[in-house]
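Computed from a predicted model, the values in this text were never measured in an experiment.
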Amino acid sequence: MRTREGYVVELAQTVNEMFTSGDIAPSAEDIAEAHFPNKALAGEIIESVRKRLAKIRNILEEDYELPVCLLSATYYTRFRDNPPQTDADARRCIPMGHGKSTAGIRLQQGDDDLIWEAMVRQNLAAGAGKLKKSTDRTLDAVTEGRLSQQHGGALITQAQRRAAPDQPGLAEKITEALPEGDDDAAEK
């Protein structure tokens, strides 16, 4: 278990309290203000909260078992009051790509939360891409005689085990439930 900074644990508790009180998407500034009530906050404090948002998210997911995602500044400037209606707009709300820093954190809202789905879709695509690239590298190394079949097989088997979902039966059931030829339905 990795060590945790006490300050981050306290910030995660503050965010959880904000969620409970109805603020489902606090920005780093909102979190800092809630954590240090009735205090004048220097920009460095807000920036220190912003830099810790990924760690806060991890604690909220692991300890509080909350479905959360990080948000970009675009969410706060364009979509906070009017949630995105398209997948393209939802992607703009998550901090992915060059120059898009994390600005806040959001609790998943309901069954069809486009922002949360955009985050999961991005993570699945990134993970699948890395898995394919590394598997192809391994197979090329075996083909070219730079890696034995035994070692190559062990690498691929280990990757498959790590990539297997915790609930394989449910994963199989929901993917089989897709209409024939509609395995890209999640990409909308």
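Here the closest heavy-atom approach between residue L147 and residue G152 is recorded as CD2-CA, 3.7 Å. Closest heavy-atom contact between P165 and A171: CG-CB, 3.8 Å. Closest approach of I115 to P84, counting heavy atoms only: CG1-CG, 3.7 Å. The nearest pair of heavy atoms linking A103 to A73 is CB-N, 3.6 Å. Taking each heavy atom of Q149 and V142 in turn, the nearest pair found is CG-CG1, 3.7 Å. When all heavy atoms of S148 and H151 are compared, the pair lying nearest together is OG-N, 3.0 Å.
No more than 12 heavy atoms of other residues, nucleotides or ligands lie within 6.0 Å of NZ in K130, so this atom counts as exposed by the packing criterion. Other residues, nucleotides and ligands contribute only 12 or fewer heavy atoms inside 6.0 Å of the CD atom of E172. For Q167, the CD atom counts as loosely surrounded, since its 6.0 Å shell holds 12 or fewer non-hydrogen atoms of other residues, nucleotides or ligands.
Cluster membership check: M119 does not share its hydrophobic cluster with L60, using side-chain heavy-atom separations under 4.5 Å among Ile, Leu, Val, Met, Phe, Trp and Tyr. Cluster membership for F36 and V9, using ILVMFWY side-chain heavy atoms within less than 4.5 angstrom, is shared. With hydrophobic clusters built from ILVMFWY side chains whose heavy atoms lie under 4.5 angstrom apart, Y75 does not share a cluster with M18. Following chains of ILVMFWY side-chain contacts shorter than 4.5 Å, one cannot reach L71 starting from L66, and the two form parts of different hydrophobic clusters. Criterion: ILVMFWY side-chain heavy atoms under 4.5 Å apart, direct or through other members. Under it, Y64 and I105 are part of a common hydrophobic cluster.
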Criterion side chain to side chain contact (heavy atoms under 4.5 Å, CB included) on F19 and V68, from CA distance to verdict: CA-CA 10 Å; F19 289 161; V68 294; 3.7 Å; yes

Working for side chain to side chain contact (heavy atoms under 4.5 Å, CB included), residues I156 and L139: CA-CA 9 Å; I156 292 172; L139 295 173; 3.7 Å; yes

Full working for side chain to side chain contact (heavy atoms under 4.5 Å, CB included) between H35 and Y7: CA-CA 10 Å; H35 194 69; Y7 178 53; 4.0 Å; yes

Verdict with reasoning, V15 to L107, per side chain to side chain contact (heavy atoms under 4.5 Å, CB included): CA-CA 10 Å; V15 173; L107 182 63; over 6 Å; no

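To the nearest 0.5 Å, atoms CD1 (I94) and CD (Q122) are separated by 5.5 Å. In this structure, SG in C93 is found 15.5 Å from CH2 in W116, a value given to the nearest 0.5 Å. Summarising the geometry, atom CG belonging to N123 is positioned 10.0 Å from atom CE belonging to M96; distances are rounded to the nearest 0.5 Å. For the atom pair CZ (R92) and CG (D87), the distance works out to 11.0 Å, reported to the nearest 0.5 Å. Atom CD of Q108 sits about 8.0 Å away from atom CD of E117, to the nearest 0.5 Å. Rounding to the nearest 0.5 angstrom, the gap separating the CD atom in Q13 from the CG atom in D63 is 11.0 Å.
Applying the side-chain contact (heavy atoms from CB on, under 4.5 Å) test between R106 and each of P67, P26, C69 identifies C69 as the sole match.
Here side-chain hydrogen bond (donor to acceptor under 3.5 Å, both in side chains) pairs that include residues 20-33, with residues two or more places apart or in two chains, are S27-D30, D30-R80. Among residues at least two apart or in separate chains, there is no side-chain hydrogen bond (donor to acceptor under 3.5 Å, both in side chains) pair with a member in residues 155-166.
Under the 4.0 Å criterion applied to side-chain N and carboxylate O atoms, K132 and D136 are assigned as salt-bridge partners.
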Please table the atom pairs, donor to acceptor, closer than 3.5 Å between any side-chain atom in residues 47-56 and protein atoms at least two apart or in another chain.
from: E47; atom 1: OE1; to: R50; atom 2: NE; distance (Å): 3.0
from: E47; atom 1: OE2; to: R50; atom 2: NE; distance (Å): 3.2
from: E47; atom 1: OE2; to: R50; atom 2: NH2; distance (Å): 2.6
from: S48; atom 1: OG; to: I45; atom 2: O; distance (Å): 2.8
from: R50; atom 1: NH1; to: T102; atom 2: O; distance (Å): 3.4
from: R52; atom 1: NE; to: E5; atom 2: OE1; distance (Å): 3.3
from: R52; atom 1: NE; to: E5; atom 2: OE2; distance (Å): 3.3
from: R52; atom 1: NH1; to: S48; atom 2: O; distance (Å): 3.0
from: R52; atom 1: NH2; to: E5; atom 2: OE2; distance (Å): 3.1

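Looking only at distances, a side-chain donor or acceptor of Y76 sits under 3.5 Å from a matching main-chain atom of A25.
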